[in-house]
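Report on the structure given below.
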Amino acid sequence: MTIDDESVYDVVIIGGALSGGATATLLLRQNPGIRILIVEKSAQLSRRVGEATVEVSAYFMGRVLGLTQYLNECHLVKQGLRFWFASDEVKNLGEASELGGRYQVRLPSYQLDRAAFDEEVLRRACLAGAHLLRPASVTGVELSSGQDQTITLKNGDGSKTIRARWVVDASGVGAMLARKEGWWKSNTEHPTAAAWSRWKGVKDWDGRELAEKFPEWASAVYSVRGTATNHVIGDGWWSWWIPLKGGDMSVGVVFDQRLVEWPQDGRGIGDRLKAFLMEHPVGRELLVDAEFDAADVHWRKNLAYYSTTFAGDGFVLVGDAAAFMDPFYSPGMDWISFTTTSAAELITAQRRGEPMSERIERHNRTFARSHRCWFEAIYKDKYEYMGEFDLMSLAFTLDLGFYYLGIVSQPFKMGVKALLVPPFSEPISGPFFRFISMYNRRLAKIARRRRHLKLLGRKNRGRRCLIPGFTLKSTDVGLLLKGIFQWIWLELTEGWHTWFRRAAS
Ligand SMILES: Cc1cc2nc3c(=O)[nH]c(=O)nc-3n(C[C@H](O)[C@H](O)[C@H](O)COP(=O)(O)OP(=O)(O)OC[C@H]3O[C@@H](n4cnc5c(N)ncnc54)[C@H](O)[C@@H]3O)c2cc1C
């Protein structure tokens, strides 16, 4: 399409990937006839990380965006999360400790090829009425509270300046508005980095070769292992193994830069990634004949950041343009579900003529609090204990139990309006925030003591924690209570050593 300098839109969206396409879809549904322009830099979206959905993002994609049939036909149904632990004593896959479900999962989630998925969301947004300009970049935005915003674009025809009442920043990690306005902050408490690629020739987790080599291992679980997000884990790092429709496997490593020294030699990132994973007995078994796609190798450091402002009267930030915490447990697309739903609600409220200032203040307060508490409760210092089978089994049971109890249950019970309330944003979540933060801090402290005494990994050989899986039934609180009793037992048998000491011991 072409546009001229006089073009005026109701909303201009910077970026046509999932956050941009989803916001456009919601806006068009709530505001028939609204004029939306999506500006997307690329001619064709490429593969990107963010391939594993969890229960909230799957709800959003399936039930809110209405993509369940498409997801079932064109992507993979996911079988939860599975974790693999090792130590110097673990020689092979059969001896590695395993954490995950014994049976298939109870609620839907998917493994996505984002190049295809995001294009489909964008295609449907355009079918519903959004205009798309691509390849084209937004190069400048002049914000004007309560007025039309001025947007400068660059495409094949040169530069153009257009106006719109609202700008939605869905530019992803580029975080265009936050950086331009000086709101962008690196989360220096959480210095993580990642390297990843897509691979061919990764062994089949459920195939005959591994079943014949490790028969006990194969029969210990009734679920399909290969369509889970498998995590091969070590001290201070974890890796994701996400299968994609068609046979490729997305494999990448994330590590805490304070705990792991990433190999710095003359080899390329892909070779170093493979060498790093081949040190782990599970990685070695699965990757031995695998090859990464040399044209699709990526590296990013200091992953965690946030914007200090999320919205004003005329702009709103969604998805990665607003903040990014950590990829562990795949919260990225949950965050997209919450930010895009609230962004569409904010713009719709202004179009209905509602007063804006209090709403905007609430929006900023809500997302600042949610982001900070979500990070502090779940991720702060998690890499300290991530490689410990017993500590991680405990944390996973409790983290997942609280996720089901407080977050996943809400949209299933209350519908889409639950997505207007991001995690930890309401006062009622205060005690849960404090409790989750407390056990995560305690587990980190216990691991620090083990590291100091060179006791890490002692419980990583030949164990299996196969949790039955949570449902939305209130009786599942029993599983949470079991986890809490296990934590108390850990404190009485080991944790007490650190009760009165400072962090390093
Ligand atoms: C290592 C890693 C692993 C992850 N794994 C998961 C996971 O398993 N599950 C999960 O839920 N999340 C995961 N995430 C997070 C997930 O990748 C992101 O949350 C998600 O992809 C963000 O989508 P988005 O639409 O906000 O941004 P993006 O996907 O980054 O899209 C932004 C779009 O904006 C366009 N754009 C940028 N600037 C401009 C401009 N100036 N003009 C026009 N267009 C522009 C770009 O071309 C791009 O298409 C992971 C993140 C990392 C770093």
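Indexing begins at 1, ligand by ligand and atom by atom, following the structure's order. Computed from a predicted model, the values in this text were never measured in an experiment.
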Which residue and atom name correspond to the protein heavy atom nearest [atom], and how close is it?
atom: atom 43 (C) of ligand 1; result: Val39 O, 3.3 Å
atom: atom 4 (C) of ligand 1; result: Pro327 CB, 3.5 Å
atom: atom 19 (O) of ligand 1; result: Asp320 OD1, 2.7 Å
atom: atom 37 (C) of ligand 1; result: Ser171 O, 3.3 Å
atom: atom 44 (N) of ligand 1; result: Lys41 N, 3.2 Å
atom: atom 52 (C) of ligand 1; result: Val49 CG2, 3.6 Å
atom: atom 51 (C) of ligand 1; result: Phe324 CZ, 3.4 Å
atom: atom 26 (O) of ligand 1; result: Ser19 OG, 2.7 Å

Determine whether the aromatic ring centres of [X] and [Y] lie less than 6.0 Å apart.
X: Phe60; Y: Trp335; result: no
X: Trp237; Y: Phe276; result: yes
X: Phe255; Y: Tyr383; result: no
X: Phe328; Y: Tyr379; result: no

Using a 4.0 Å cut-off to any heavy atom of [X], which atoms of ligand 1 qualify?
X: Ala52; value: 7 (C), 8 (O), 9 (N), 10 (C), 11 (O)
X: Gly319; value: 26 (O)
X: Arg114; value: 20 (C), 21 (O), 23 (O), 29 (O)
X: Ser137; value: 42 (N), 43 (C)

Just heavy atoms, cut-off under 4.0 Å: does [X] contact ligand 1 by side chain, backbone, both, or neither?
X: Trp240; value: side chain
X: Leu45; value: side chain
X: Glu51; value: backbone
X: Ala170; value: backbone
X: Ile336; value: side chain
X: Ala136; value: backbone

* To do: Over all heavy atoms of both residues, which pair between Tyr403 and Val54 is shortest? Give the atoms and the distance, please.
  =>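 What the structure gives for the nearest pair is OH-CG2, 3.4 Å.
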
* Determine the minimum heavy-atom distance between Lys380 and Arg372, stating which atoms define it. =>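 Heavy atoms only, the tightest pair is CE-NH2, 4.4 Å.
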
* Asked: After noting the C-alpha distance and the side-chain angles of Phe433 and Glu376, does the key distance pass the side-chain contact (heavy atoms from CB on, under 4.5 Å) rule?
  -> CA-CA 9 Å; Phe433 161 67; Glu376 258 190 49; 3.6 Å; yes

* To do: Mind running side chain to side chain donor-acceptor pair (under 3.5 Å) on Trp262 and Gln257 for me, showing each step along the way?
  => CA-CA 8 Å; Trp262 184 247; Gln257 294 161 94; over 6 Å; no

What about [X]: any of its N or O atoms under 3.5 Å from an N or O on ligand 1?
X: Asp334; result: no
X: Met333; result: yes
X: Arg300; result: no

Proximity winner for [atom], if only heavy atoms of [options] are counted:
atom: atom 46 (C) of ligand 1; options: Gln111, Glu40, Met176; answer: Glu40
atom: atom 13 (C) of ligand 1; options: Gly50, Ala22, Gly332; answer: Gly50
atom: atom 41 (N) of ligand 1; options: Val138, Leu122, Ile13; answer: Val138
atom: atom 30 (O) of ligand 1; options: Gly172, Ser330, Gly174, Pro331; answer: Gly172

Close approach of [X] to ligand 1, heavy atoms, under 4.0 angstrom:
X: Val254; result: no
X: Gly21; result: no
X: His298; result: no

Between [X] and [Y], a side-chain donor and acceptor under 3.5 Å:
X: Glu51; Y: Ser250; answer: yes
X: Asp326; Y: His190; answer: yes
X: Tyr306; Y: Asn187; answer: no

* From the options Asp118, Asp296, Asp248, select the one residue that forms a side-chain hydrogen bond (donor to acceptor under 3.5 Å, both in side chains) with Arg47. =>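 For Arg47, the side-chain hydrogen bond (donor to acceptor under 3.5 Å, both in side chains) test succeeds with only one of Asp118, Asp296, Asp248, which is Asp248.
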
